[in-house]
Every structure is written in structure tokens, then in C-alpha cells.
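Presented below is the structure to which this report refers.
Both counts, for ligands and for their atoms, begin at 1 and track the order of listing. Note that the numbering runs from 1 along the sequence shown for the chain.
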Amino acid sequence: MKIVITGAAGFLGSHLAERFLDAGHEVIGVDNFITGSRENAEYLDRFDGFRLIEHDVSVPLFLDDDIDGVLHFASPASPVDYLELPIQTLKVGSLGTQNMLGLAKAKGARFLLASTSEVYGDPQVHPQPETYWGHVNPVGPRGVYDEAKRFAEAMTMAYHTYHGLDTRIVRIFNTYGPRMRPGDGRVVSNFIVQALRGDPITIYGDGQQTRSFCYVKDEVEGIFRLFHSDRVQPVNIGNPHEFTIRQLADIVLEETGSESALDSLPMPVDDPKVRQPDISVAKALLDWEPKVDLRAGIRQTLSYFQEQLTRFDAKARTI
Ligand code: NAD
Ligand code: UDP
């Protein structure tokens with residue numbers, strides 16, 4: 001198959017591209033590098049079946065190739081990024097999704113949308129099954145991301161219903177691992193970088209809010225299986241083991257052996273208090289569940305960040 005992956009220079013997109021390349025498919029990555037990394041794209045360039053197009057998918061994209069699948073992963077994803085890039089985030093979730101649905105329709109290709117647990121907002125149902133409609137503040141700071149993804153889901157279902165497009169929607173829960181940008185601002189990368197540097201660990205609020213963290217290899221395997229399934233309704237893919245942010249800090253400190261202090265900072269506006277996927281649908285339909293627990297995943301991620309920091313510090317010394 002020949003597959004288009006938008007956001008291929010990003011964290012998840014690059015791992016997903018590698019999964020398809022490893023399975024013998026060709027991948028066209030599309031990225032404008034707004035939050036992506038040249039290093040991720042260069043890594044994928046080593047595969048014969050990979051080619052990258054530098055393009056903003058909020059603008060239509062026309063390709064001569066026959067395409068079998070379009071997986072739309074382009075979007076700022078870290079709260080720090082999407083708060084800095086609110087309009088770009090709304091555009092890539094709305095216009096970008098419509099353009100990529102249009103590309104899939106023109107090519108008769110299957111379309112998969114990277115949606116998010118953020119469609120559940122600050123949830124009042126816990127854990128969150130796919131049937132929960134969510135609790136989102138449309139005019140709060142996080143609304144630019146949450147509402148863009150909710151619109152993207154609605155647009156994807158409309159292309160399915162009205163155009164008969166073959167579509168999939170994955171609701172991704174907090175995922176971490178190698179190839180995240182050290183400065184991307186999400187909690188796992190922040191805590192690991194802070195611990196490795198001996199800087200204070202920045203805990204927002206009292207640290208009692210929860211998240212459920214999935215190692216990237218597990219996440220990508222679930223998405224790969226969903227793409228190959230016949231499920232049109234959204235599917236949660238995430239690790240159901242729930243941790244407080246304070247527990248995460250303790251695990252990172254133990255696994256790094258760091259003596260960083262804990263620093264208490266204000267809680268961001270509308271920060272969800274809890275988050276945990278109900279993955280019964282993924283288990284039953286995709287025969288999928290995560291295999292890597294949080295400690296093992298953190299251990300597998302440490303050497304990547306160590307290398308990034310060594311390189312960054314070496315570069316800083318030569319400037
Ligand atoms: P990321 O920031 O590492 O990657 C996003 C990529 O999209 C970047 O390479 C960026 O340059 C590219 N991009 C953004 N806007 C673009 C545009 N207009 N045109 C072309 N390229 C553009 O983020 P990620 O963590 O890899 O997230 C990937 C996708 O998965 C996003 O859609 C995100 O909403 C979704 N998601 C991720 C998580 C997670 O925990 N990582 C959780 C839920 C949903
Ligand atoms: N968080 C934190 N310290 C940080 C970064 C994040 O305490 O340095 C908290 C944040 O307030 C949230 C959780 O960690 O409650 C997860 O944040 P992240 O930005 O990773 O993603 P979110 O799940 O909020 O989209």
C-alpha cells in the first residue's frame with residue numbers, strides 16, 4: 001500500500017510511519033515542521049519507501065500518486081504548543097482535516113483521524129468510554145485544540161455518511177517515548193529533562209490530577225490495528241493504568257536516580273482533573289492492549305533524552 005501520513009516529522013507520526021514502512025508499505029510524509037523535528041524526518045529518509053513533502057495541510061494538497069490510506073496526524077499536540085499556536089491548531093483540525101478527507105476521497109483511500117482523549121474535556125464520567133460525549137469549555141484556552149478535534153471527528157463522520165468514505169477515528173490518550181521534543185512541554189518530557197538536569201520538577205497544582213500514560217510502541221500498534229480493522233466509530237487507544245502527576249514525578253526521580261526538588265506551580269486553566277481510557281472496545285475488536293508499563297516505558301525513554309541533552313549541551317558550548 002501507499003500511505004500518506006500528515007505530521008510525519010512529529011513524535012507519533014514518525015513512529016507510525018516507521019510501523020508502516022517496517023510492514024513493507026510506502027509512506028509519503030507531509031509536514032510543515034511547525035512542531036516537528038528535522039531529525040525525525042531524516043531518520044525516516046533512511047527507508048527506501050519513504051518520501052517527505054514539506055507542506056501546510058491547512059492548504060489543499062494535490063498528489064499524482066495512487067494512494068491507499070491517509071492518516072491525519074498533523075496538529076500541535078502539547079498544551080504549550082497549542083496555546084502558542086491557537087489559530088494554526090484550529091486550522092489544521094478543521095481546514096486540514098477537510099483537505100485530507102478530500103485527498104482520501106479523490107484517491108478512494110481509507111482515512112484515519114488522529115483524535116484525542118481531549119474530546120472528553122474535563123470528564124464527568126470516569127473512566128471514559130467512547131460513548132461519553134465529553135465536557136469541554138469551547139471558549140477556554142484549551143478549546144482551540146479540543147473543539148478542533150471534535151469538529152474533525154464530526155467532519156470525518158460526515159464524509160463517511162454522505163460520501164461513503166472509508167474512515168477510522170482513534171482517540172489517543174497521553175502517549176510518551178523517544179522522539180518527543182525535549183522542550184515540547186508535556187509532562188513526561190518535562191519531568192525526564194528536569195530530572196536528568198537536576199532542575200526542579202515542575203508540578204502544576206497539587207499534583208493529584210491523574211493521567212494514564214501509554215508507551216509509544218503500544219500506542220502505534222493499536223492505531224495500526226485500527227487502521228486495518230473495519231470499525232468506523234471512534235476507538236480509545238491508551239493505557240488504562242492511571243497515575244497522579246505526583247506519582248509520575250516519583251517514578252521519574254526513582255528511575256533517573258535524580259535528586260531534583262519538587263516545585264509547585266499554578267494549575268493551568270481548565271486542566272482536566274482525571275483521565276483514564278476504557279479500552280474494552282479496542283480489546284474486543286482489535287485484540288489489543290498495552291504491554292509496556294510506565295516504569296519500563298520511562299526506562300526505555302531515558303537514553304533518548306540523555307542523548308538529546310548531551311547533544312544540545314555540546315552545541316551550546318560551541319556557540
Ligand atoms: P507533535 O507536535 O510531535 O507532531 C505533530 C506534527 O504535525 C509535527 O511534526 C508538526 O510539524 C505537524 N503539523 C502541525 N500542523 C501542521 C500543518 N498545518 N501542516 C503540516 N504539518 C503540521 O505531536 P504528536 O504528539 O506526535 O501528535 C500527533 C497527533 O496525535 C496530533 O494530531 C495529536 O493531536 C494527536 N494526539 C497525540 C497525543 C499524544 O499523547 N502524543 C494524544 C492525543 C492525540
Ligand atoms: N503537568 C505538570 N507539570 C509539567 C507539565 C504538565 O504538572 O511540567 C501536568 C498538567 O497540568 C496536566 C498533566 O501534567 O495535569 C498532563 O499534562 P500534559 O501537558 O502532558 O498533557 P495534557 O494531558 O494536559 O494534555
(request) Show which atoms of ligand 2 fall inside a sub-4.0 Å distance from at least one heavy-atom site of Asp271. (result) 10 (C), 11 (O), 12 (C), 15 (O)

(message) Check this for me, if you would: do Arg142 and Glu118 make a salt bridge, where the nitrogen-to-carboxylate-oxygen distance has to be below 4.0 angstrom?
(response) yes

(request) Could you walk me through whether Gln194 and Thr202 pass side chain to side chain donor-acceptor pair (under 3.5 Å), step by step? (result) CA-CA 8 Å; Gln194 290 159 352; Thr202 53; 2.9 Å; yes

(message) Only heavy atoms of Ile203, strictly under 4.0 Å: list the atoms of ligand 2 that pass.
(response) 7 (O)

Enumerate, one pair per line, all nitrogen or oxygen atoms of ligand 1 lying under 3.5 Å from a protein nitrogen or oxygen, stating the separation to 0.1 Å; write 'none' if no such pair exists.
from	atom 1	to	atom 2	distance (Å)
ligand 1	2 (O)	Thr35	OG1	2.7
ligand 1	3 (O)	Phe11	N	2.9
ligand 1	7 (O)	Ser75	N	3.4
ligand 1	9 (O)	Gly10	N	3.0
ligand 1	9 (O)	Asp31	OD1	3.2
ligand 1	9 (O)	Asp31	OD2	2.6
ligand 1	9 (O)	Gly36	N	3.4
ligand 1	11 (O)	Asp31	OD1	2.6
ligand 1	11 (O)	Phe33	N	3.4
ligand 1	11 (O)	Ile34	N	3.0
ligand 1	11 (O)	Thr35	N	3.1
ligand 1	11 (O)	Gly36	N	3.0
ligand 1	18 (N)	Asp56	OD1	2.8
ligand 1	19 (N)	Val57	N	3.0
ligand 1	21 (N)	Asn32	N	3.2
ligand 1	21 (N)	Asn32	OD1	3.2
ligand 1	25 (O)	Arg186	NH1	2.9
ligand 1	25 (O)	Arg186	NH2	3.0
ligand 1	26 (O)	Phe11	N	3.3
ligand 1	26 (O)	Leu12	N	2.7
ligand 1	32 (O)	Phe73	O	3.0
ligand 1	32 (O)	Lys149	NZ	2.8
ligand 1	34 (O)	Tyr145	OH	2.5
ligand 1	34 (O)	Lys149	NZ	3.0
ligand 1	40 (O)	Thr175	N	2.8
ligand 1	41 (N)	Arg186	NH1	3.0

(request) Could you list the atoms of ligand 2 found under 4.0 angstrom from a heavy atom of Arg275? (result) 22 (P), 23 (O), 25 (O)

(request) Using the ring pair (Phe, Tyr, Trp, His ring centres under 6.0 Å) rule, collect all pairs that involve residues 85-111, keeping only residues at least two apart or in two chains. (result) none

(request) Please identify which atoms of ligand 2 are closer than 4.0 Å to at least one heavy atom of Gln209. (result) 9 (C), 11 (O), 15 (O)

(request) Using a strict 4.0 Å cut-off to heavy atoms of Asn174, name the atoms of ligand 2 that fall inside it. (result) 21 (O), 22 (P), 23 (O)

(message) Once you restrict to heavy atoms under 4.0 Å, what part of Pro268 touches ligand 2? Side chain, backbone, both or neither.
(response) side chain

(message) Please check whether Pro79 reaches ligand 2 - meaning an N/O of the residue sits under 3.5 Å from an N/O of the ligand, judged on distance alone.
(response) no

(message) When you compare ligand 2 with Tyr82, is there at least one nitrogen or oxygen pair between them that comes in under 3.5 angstrom?
(response) no

(message) When you measure from the centre of the six-membered ring of Phe227, is the NZ or CZ of Arg19 closer than 6.0 Å and no more than 45° off the axis?
(response) no

(message) Within the 4.0 Å heavy-atom shell around Arg186, which atoms of ligand 2 are there?
(response) 19 (O), 20 (O)

(request) Using salt bridge (Lys or Arg N to Asp or Glu O under 4.0 Å) as the criterion, point out the one residue from Asp31, Asp45, Asp65 that pairs with Arg51. (result) Asp65

(message) To check your reading of the model: name the closest protein heavy atom to atom 13 (C) of ligand 2, its residue, and the distance in Å.
(response) Ile245 CD1, 3.6 Å

(message) When you compare ligand 2 with Gln194, is there at least one nitrogen or oxygen pair between them that comes in under 3.5 angstrom?
(response) no

(message) For His25 and Phe20, take the angle between the two ring planes, folded into 0 to 90°, and tell me which bin it lands in: parallel under 30, tilted 30 to 60, perpendicular over 60.
(response) tilted

(message) With a 4.0 Å cut-off on N to O distance, would you call Arg38 and Glu54 a salt bridge?
(response) yes

(message) As a check for students: among Thr175, Val188, Thr202, Val274, identify the option with a heavy atom nearest to atom 3 (N) of ligand 2.
(response) Thr202

(message) Show the atoms of ligand 2 that are less than 4.0 angstrom away from any heavy atom in Phe191.
(response) 3 (N), 4 (C), 8 (O)

(message) Could you work out, for atom 24 (O) of ligand 2, the closest of Met180, Glu118, Arg142 by heavy-atom distance?
(response) Arg142

(message) Please classify the Asn190 to ligand 2 contact at 4.0 Å (heavy-atom distances, strictly less than): side chain, backbone, both or neither.
(response) side chain

(request) May I ask you to decide whether Asp122 forms a salt bridge with Lys273, counting only side-chain N to carboxylate O separations under 4.0 Å? (result) yes

(request) State whether Arg299 and Asp293 are salt-bridged, where the test is any N-O pair (Lys NZ or Arg NE/NH1/NH2 against Asp/Glu carboxylate O) under 4.0 Å. (result) no

(request) Using distance alone, with no hydrogens and no angle criterion, decide if Gln209 and Tyr204 have a side-chain donor and acceptor under 3.5 Å apart. (result) no

(message) Checking side-chain polar atoms at under 3.5 Å, does Glu242 have a donor or acceptor matched by the opposite partner on His126?
(response) yes

(request) Determine, for Arg311 against Glu307, whether the closest basic-nitrogen to carboxylate-oxygen distance falls under 4.0 angstrom. (result) yes

(message) Looking at Lys149 and Glu153, is any side-chain nitrogen of the basic one under 4.0 Å from a carboxylate oxygen of the acidic one?
(response) no

(message) Yes or no: does Ser78 have any heavy atom under 4.0 Å from an atom of ligand 2?
(response) no

